[in-house]
Amino acid sequence: MVVQSLPSVDTSIPSPENPSKRVKIHLEEGSSPKDVVPGQRRVSARLQAAKQKADKELLLKRGVDLLDKNGASCRKRVNKNAENLNLNLNLNGTKQLTQISSRLTEPKMAVKVAKMVQRAAKIEEGLDSTSHVNASNVVEKSAHIKVKETLRLFNKHYLHFVQEEEMRCAAVKVNKKPPKGKNAKKGDVPEADVKGKAKRPDLKAITKMMENNEVLYPEKRIGCLPGIDVGHRFYSRAEMVAVGFHSHWLNGIDYMGQSYRKGEYDHYTFPLAIAIVLSGMYEDDLDNAEDVIYTGQGGHDLTGNKRQIRDQVLERGNLALKNCVDLGVPVRVIRGHESASSYTGKVYTYDGLYKVVQYWAEKGISGFTVFKYRLRRLEGQPILTTNQVQFTYGRVPKSSSEIRGLVCEDISGGQEDVPIPATNLVDDPPVAPTGYKYYKSMKVACNIKLPANAAGCNCKGSCWDPKTCECARLNGSDFPYVQRDGGRLIEAKHVVFECGPNCGCGPSCVNRTSQRGLRYRLEVFRTPKKGWAVRSWDFIPAGAPVCEYIGELTRTEELDSVSENNYIFDIDCLQTMRGLGGRERRQQDGSLPVIQNEDKVDEQRSENVPEFCIDAGSIGNIARFINHSCEPNLFIQCVLSSHQDVKLARVMLFAADNIPPLQELTYDYGYALDSVYGPDGKVKRMACYCGAEGCRKRLF
DNA sequence: GTGTTTCAGAGGTAT
DNA sequence: ACCTCTGAAACACGA
């Protein structure tokens, strides 16, 4: 039986994905004191007064942890909530909170409650008790975050199904081989399966989201949707379905059918159009940005050659658009663009609300009747930035002579496969980044010896079968990456076990995705307030590796004497994992060595801070220039490849979202507030200029 | 390497 | 049962 998309809470079948289970897991994890250990990256002069605070605070935090599901920038928010709650709730409040949250089986509910709590706390703080503007800001912010989370969820499902397909195709290939030579010519049974024809992972992903009630706006709405601004880019039709912005992955016209006749809409005529996609499919379309002539649907020969082969009829979408004219109901207009800045080669932009001012029937180019609709863009909306790829961030330079403010052709001095230019349009005279030496790979302090004991897998060429590959077994009998787009991480994990020097596979193995160096054209650029920053000239798909955090691998204890240094990264896989937002944690199954090790690691950590860290103060790579953001587009992933000691894991940065060219790359530094101490032993504070809507205003 | 053709795919809508 | 046309593999072509 098909599960309808009715919003019911408790009908879901228990499964590894079942939210209620997930909540339970959080409960268990939250109940150990380890959570109070401060963030993984600190100023070195920290007198780690990591005195675990009172049980009260712990309880508070646990409650919020629970509520906070897995949300993006979870870490930041947890800290903030913990702080606010600390100010505003008493112990009773805490208990209530914990009880409420343990009842919540629906993750969306949990998030909602967390938001409520956050807002309530804010209001109590007096931050926005007087201002409506501020209050609405809070609402706005959560809508944006919800959209982002929904898209991340879609991406996760998508990559999961991509992997499933890749597995199937690989298996088909192998099975195809045995009947080799003459005996397998005609009547091959596997021939049908062998046709490794596209099984659309995007469609499977949206199906999954409907089953799980994860579509953000399952009810159709007239007008704009909160959290999706004019100019928003979607990277496939399926993404729009996932958030409920346009609920078909195929149709051009999305409309409300007869079923919406009741309730608040009883004075409208149905069907009623609410959103259309202009993708240049119809030969009779005319697109002049602010004014559009849109051709109705139907009569198409459906082979993609834009040819009309029949008369159109005033029904379905066509009728729905006519009703928009009669009722003056605006439609959302989405344009499709060819663009290299997408993993599908296409980008869809939301271009705003348009009024359907007129409609008529005429003989189209092919001589058949088509319905036409004149649309006019409503005034007072942000300017259209529609022309192909430029969109909002500006233009990517074509050659080095075109780069404005170039201060260095390649800060890596030829070490990286892709040169990294530096630009400075802020300082006068413009200066290049100084005070460090570029290192492409880790420098290991002389008193540290990297273990070299990792056993390898026996695969040949490229690993593909998770049942036989030893390295896949370490990852819970799955590969963490998909092959597509040169390797993408499906979802964040505690630790990723990659193939290493002792493995039989070659360098092109999918399980070596993070070992292949820089893939994107990155640029270091100067900002007015945040010092240096990094952006990419290329589109980066979600899950793609961006770079490793390189510096000197050092014992943490040796840094305490060093004075100011903002480039320390503590290697602390578990903490990193906890601080990570947006992506759900893999269901823990006992077979995972990671999990087996977890207790040990926790013991080590609960009594002390991480043993090793990466110091990029005087040597380092591109990663040392990447800024913090409270709503980042990258996340940290610990990776083990040449050995299996989590304390010495490699620290990789991956794309959390689809990142358009020229958007600044950021990750969450993960500082807990008040966790950083100056040389004088006093708490140090630093303002945050990330500019995110949900910025907590302090880096630490 | 680039351009063109092919076709499965699946939910919404109305019957 | 019908309608919708995307997305990506498969194919064809050219260097």
Side-chain angles (χ1 to χ4, degrees), chain A residues 1-6 154 157-158 161-162 164-166 168-170 172-173 191-213 215 217-220 234-242 244-261 270-285 294-321 323 334-340 342-348 370-371 482-485 541:
Chain A
M1 196 173 87
V2 181
V3 180
Q4 281 298 317
S5 56
L6 293 168
F154 168 80
H157 290 316
Y158 171 77
F161 287 117
V162 166
E164 216 171 86
E165 272 307 288
E166 286 177 355
R168 192 182 60 81
C169 292
V172 164
K173 260 184 210 157
E191 195 60 40
D193 301 354
V194 167
K195 273 234 169 208
K197 195 62 179 138
K199 290 270 174 74
R200 307 274 302 258
D202 54 337
L203 302 185
K204 291 197 171 166
I206 52 179
T207 304
K208 181 107 189 166
M209 292 191 70
M210 287 174 192
E211 279 171 13
N212 297 357
N213 280 324
V215 174
Y217 299 114
E219 292 280 306
K220 298 189 188 194
F234 296 95
Y235 295 93
S236 71
R237 292 290 304 267
E239 276 197 355
M240 290 189 252
V241 180
F245 195 64
H246 187 298
S247 48
H248 306 270
W249 58 271
L250 210 49
N251 297 17
I253 306 168
D254 188 16
Y255 60 93
M256 298 164 122
Q258 304 300 334
S259 59
Y260 283 84
R261 193 153 38 185
F270 291 95
L272 190 57
I274 51 163
I276 61 172
V277 179
L278 302 176
S279 48
M281 270 309 292
Y282 283 84
E283 57 187 5
D284 295 310
D285 270 0
Y294 186 75
T295 310
Q297 62 189 187
H300 223 252
D301 79 351
L302 303 185
T303 55
N305 61 7
K306 299 189 178 186
R307 202 63 49 76
Q308 290 293 136
I309 56 162
R310 244 175 307 157
D311 286 344
Q312 292 188 345
V313 186
L314 194 57
E315 58 179 18
R316 299 171 188 274
N318 297 347
L319 184 55
L321 275 170
N323 287 334
I334 300 128
R335 279 189 177 77
H337 314 266
E338 298 283 325
S339 168
S342 170
Y343 58 97
T344 55
K346 259 189 165 173
V347 168
Y348 296 87
V370 289
F371 283 89
V482 298
Q483 206 97 46
R484 185 170 299 202
D485 303 313

[X] side-chain N/O to [N] phosphate OP1/OP2 under 4.0 Å:
X: A:K220; N: B:dT13; answer: yes
X: A:Q258; N: B:dA14; answer: yes
X: A:S236; N: C:dT6; answer: no
X: A:S279; N: C:dT6; answer: yes

Show the numbers, then the answer: is there a side chain to side chain contact (heavy atoms under 4.5 Å, CB included) between A:Y255 and A:K220? CA-CA 8 Å; A:Y255 60 93; A:K220 298 189 188 194; 5.9 Å; no
Rounded distance (Å) that lies between atom [atom2] of [N] and atom [atom1] of [X]:
X: A:F234; N: C:dT6; atom1: CZ; atom2: P; value: 16 Å
X: A:E165; N: C:dA9; atom1: CD; atom2: P; value: 10 Å
X: A:L272; N: B:dA14; atom1: CG; atom2: C1'; value: 17 Å
X: A:Q297; N: C:dT4; atom1: CD; atom2: P; value: 5 Å
X: A:N251; N: B:dT13; atom1: CG; atom2: P; value: 9 Å
X: A:K208; N: B:dA10; atom1: NZ; atom2: C1'; value: 17 Å
X: A:L321; N: C:dT4; atom1: CG; atom2: C1'; value: 14 Å
X: A:R310; N: C:dC5; atom1: CZ; atom2: C1'; value: 14 Å

Which part of the nucleic acid, if any, lies within contact of [X], taking any heavy atom under 4.0 Å across all strands shown: a base, the sugar-phosphate backbone alone, or nothing?
X: A:Y158; result: sugar-phosphate
X: A:S259; result: nothing
X: A:E315; result: nothing
X: A:D254; result: nothing
X: A:Y348; result: sugar-phosphate
X: A:G317; result: nothing

Looking at [options], which one has an atom nearest to any side-chain atom of [X]?
X: A:H248; options: C:dG7, B:dG12, B:dG9; result: B:dG12
X: A:T207; options: B:dT13, C:dT4, B:dG11; result: B:dG11
X: A:R484; options: B:dG11, C:dG7, C:dA8; result: C:dA8

### Message
Using modelled atom types and a 3.5 Å cut-off, is there a donor and acceptor pairing between side-chain atoms of A:Q297 and backbone atoms of A:G252?
### Response
no
### Task
Examine the base of C:dT6 for any acceptor or donor lying under 3.5 Å from a partner atom in the side chain of A:R200, and report the outcome as yes or no.
yes
Margin query: Under 4.0 Å between a side-chain nitrogen and a carboxylate oxygen: does that hold for A:E211 and A:K208?
Written below: no
Between A:G252 and A:T344, the residue closer to the 5' end of DNA chain C by nearest nucleotide is A:G252
### Query
A:Y158 and A:Y343: aromatic ring centres closer than 6.0 Å?
yes
The residue, A:L250 or A:Y260, whose nearest nucleotide of DNA chain B is more 5′ is A:L250
Heavy-atom closest pair (A:A238 atom, A:I206 atom, distance to 0.1 Å) is O-CG2, 3.3 Å
Paired with A:Q312, the side-chain contact (heavy atoms from CB on, under 4.5 Å) test is passed by just one of A:Q308, A:R316, A:R310, namely A:Q308
